[in-house]
Amino acid sequence: MKMYQSLLTVCTAGLLASCTTLEEVGDKVAGGEDGDRIRNVIVMIGDGMGPQQVGLLDSYIRYSSNPVLDSSAFDRMASEGVVGIARTESNQVLVVDSAASATQFASGKMAGSEMIGADFRGNRAESMLEVAQGKGMAVGLVSDTRLTHATPAAYAAHQQHRSLENEIAVEMLETGADVMLSGGIRHWLPQGVNEEGSALRQEIEALTGGTIRLTSRRQDDRNLLAEAREAGYDLSFNRSDLAASHGDRLLGLYAYSGMLDGIAHTQAGDGAERIQPSLTEMTSKALSVLEKDEDGFFLMVEGGQIDWAAHNNDAGTMLHEMIKFSDAIDVVLDWMKGRDDTLLVVSADHETGGFGFAYSRNDLPEGQPLDGDIFQGDDYKPNWNFGRVETLDRLYDQALSYDGIFSQFDSLEESQQTPENLRMIVNANTQFPITLAQARRVLETELNVYYVEDHGTLSAERFPLMHERKAFYVYGSGIRKNILASVVAEQSNVVWASDNHSSTPVYLFAMGPDDTTDAFKGILHTTEWAREIIDVLD
Ligand code: MG
Ligand code: ZN
């Protein structure tokens, strides 16, 4: 009866074309043999995943001497589903941030920069997760960043600014998605946990198992973990607890801030010593819990650190992030096999970094005699270095992310933070060795006073000397990573436009019954594909 009522609502809401005959109506109501009623909606977002990032994975799979994947989930989506293109800009600006973008594709409404769950006028914008919840569906959020970070937050919170993560945590708990699995425990802990040796700290250490750094970022004594348990959540803080959890409401927080980056994730593999669940494990656990709801479910899964690697201009880590995200999509595609009641949409909030391979005048190719009838043994010699495919294996073989490289460097005593030591760390962990002069270049700075994005505070940072486009490097000392990327570019042919986002339109993949995926073909704005989903849910 309930299904019949909701179908009537759909028909009267103006989608008469989709229920023209009585038989079709009957099938939809019964979920009949054709079974074309959409029961479940899954959205998967690669943060910062422009076409270039998808292309990097594609090139790696095609041209690596020994690729770890035979094909990508994006290939699978493109051959079994439909491909469209999504414009991403937010209200009255050319470039979008992850908060505005997630708000737009969660709610279908245009947002202002850095807003969470609000339209550009500042009104609460209901998300598709909240729409689904209102229909009695189970709902879930999975991310490898922080639960309160922009992308998941925009589905379950409404705040003026993305940086209000303490408020976002409280609101996410109130929204009460059935499954929430991610990092970022720091916004869920009472501030009293910061007091070494306190009873509260010991209690939370015992609860979390001692594997996560317990530093609270909260300004109050709210223990959101305890509040979640009272609200009926089964809490988990590591991989084995997640595997063992049996409730139908799960809150899992597996890291102080972000979860393992792509390279650390690859290195940890499937070994028993890996403490955090992988993105694929969180995704399949979420599916197994949510699929029990007879009203169907909505799930958003984010590969959130593609963006973080790209902000660092760290192409090797970004490749590992793309593999991580592709693996998570594969889990969903395998789960969907043989089902015709589920719509899967895979897209991105924006491209990050203005990434690409470019040709250069460095290390030019040697002339080679060619036998072909036009050459007949004459030398073939292109003018430029168009980028050698071996570069893909060298990128994959990076052993430590740029974040890891610089945190190792910063953990040295100040007197040891020398160009020599930076060179040593870089050359031990990447396949693009730098010279001492280049290490010096990375560490060269000048004092630069500027306004940070967060509420207009005046801030002073040491910026690299002689950097012509420093206005496009907004993340302070993080710029060392961007300079490292630029000094190895002559070996890698990898170039980047900035340390932040570009306006490049992104891919939009959809899979499910044809009558629902057709709407995702073409060039759509993020708000438009969101409204298609909201129509399906309604
Ligand atoms: Mg994100
Ligand atoms: Zn970003």
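We count ligands from 1, going down the list as the structure has it; atoms in each ligand are counted the same way. Just so it is clear, the model here is predicted, and its values are computed rather than measured.
- Side-chain atoms of Gln431 and Gln398 form no donor-acceptor pair, as typed in the model, at a separation below 3.5 Å.
- Between the Mg ion (ligand 1) and the N, O or S atoms of Asp47, the shortest distance is to OD2.
- Metal site remark for the Mg ion (ligand 1): Thr151 contributes an N, O or S atom at a distance under 2.8 Å.
- When you scan the N, O or S atoms of Glu302 for the one nearest the Mg ion (ligand 1), you land on OE2.
- Among all heavy-atom pairs drawn from Leu224 and Val170, the shortest one is CD1-N, 3.9 Å.
- At the Zn ion (ligand 2), the angle from OD1 in Asp307 to NE2 in His501 is 100° when rounded to 10°.
- The side-chain hydrogen bond (donor to acceptor under 3.5 Å, both in side chains) with His158 is formed by just one residue from the set Glu130, Glu171, Glu126; it is Glu130.
- With a 6.0 Å radius and a threshold of 12 heavy atoms from other residues, nucleotides or ligands, Gln267 has its CD atom above the threshold.
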